[in-house]
Enquirer: 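Please find one structure pasted underneath; my questions will follow.
Please read all numbers here as calculations on a predicted model, not as lab measurements. Numbers for residues simply follow the sequence, beginning at 1. Atoms within a ligand are numbered from 1 in the order they appear, just like the ligands themselves.
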Amino acid sequence: MKPIRTERLILRNWEQRDRALFHRINSDERVMEFFPFRRDGAAADAKMDELRAWIDEDGYGFAAAEIAATGECIGFVGLLQTDHVPSLPAGTIEIGWRLAPEYWRKGYVTEASEAWLSFGFETLELDEIVSFAVVENHRSIAVM
Ligand SMILES: CC(C)(COP(=O)(O)OP(=O)(O)OC[C@H]1O[C@@H](n2cnc3c(N)ncnc32)[C@H](O)[C@@H]1OP(=O)(O)O)[C@@H](O)C(=O)NCCC(=O)NCCS
């Protein structure tokens with residue numbers, strides 16, 4: 001994908017240096033509070049490789065978000081085709097997010113999402129982008 005620049009962030013494909021952070025946001029209890037799984041290092045590496053290959057193929061995906069001023073990877077925000085939700089039609093595109101806790105409540109997800117929504121509606125010419133969360137996940141619903 002061509003990196004997307006926002007006011008404070010660079011949205012880009014995954015790099016080797018992101019592996020530790022990606023593992024953390026797949027295993028940290030606070031981050032994963034509303035998910036029924038945790039990924040160990042090997043499973044996180046495999047998932048990151050899968051996301052990276054999809055981004056290479058499609059030009060978008062659950063992409064890394066990096067703070068432009070410091071180069072820190074903070075998590076992911078992006079668009080993804082949902083094929084795992086039986087109630088949604090095949091080909092539905094979701095917007096999703098997951099950051100390491102020290103980067104919460106700074107507006108990074110909202111900022112990145114605005115850029116991804118523009119990309120989805122204008123560049124991909126989508127009619128609809130969906131997002132969903134369990135009802136207890138107030139932080140995610142607030143971003144929506
Ligand atoms: C869900 C999640 C991504 C939300 O993160 P977040 O930090 O609350 O979202 P944002 O980055 O958009 O930040 C918004 C918050 O920052 C505050 N904020 C601070 N500075 C800001 C700024 N410059 N601009 C905008 N908002 C700012 C906002 O007021 C808001 O806080 P509030 O909800 O208390 O009003 C995060 O909690 C997370 O990663 N959770 C674990 C994974 C997860 O559940 N993913 C979703 C599954 S459905």
Enquirer: Heavy-atom cut-off of under 4.0 Å around ligand 1: list whichever protein residues fall inside it, by chain and number.
Expert: Arg8, Val31, Phe35, Trp97, Arg98, Leu99, Trp104, Arg105, Lys106, Gly107, Tyr108, Val109, Thr110, Phe132, Ala133, Asn137, Arg139, Ser140, Val143
Enquirer: Are side-chain N/O atoms of Glu94 and Thr82 paired as donor and acceptor at under 3.5 Å?
Expert: no
Enquirer: Looking only at atom types and distance, does a side-chain atom of Trp104 sit under 3.5 Å from a main-chain N or O of Leu99, one as donor and one as acceptor?
Expert: yes
Enquirer: Quick one: side chain to side chain contact (heavy atoms under 4.5 Å, CB included) partners of Ala100, sequence neighbours excluded?
Expert: Leu21, Arg24, Ile25, Glu102, Tyr103
Enquirer: In terms of ring plane angle, is the pair Phe119 and Tyr60 parallel, tilted or perpendicular, where the classes change at 30° and 60°?
Expert: tilted
Enquirer: Partners of Trp116 by side chain to side chain donor-acceptor pair (under 3.5 Å), sequence neighbours excluded?
Expert: none
Enquirer: Return the set of residues passing side chain to side chain contact (heavy atoms under 4.5 Å, CB included) with Arg17 (not counting sequence neighbours), or none when no residue passes.
Expert: Arg12, Glu15, Glu66
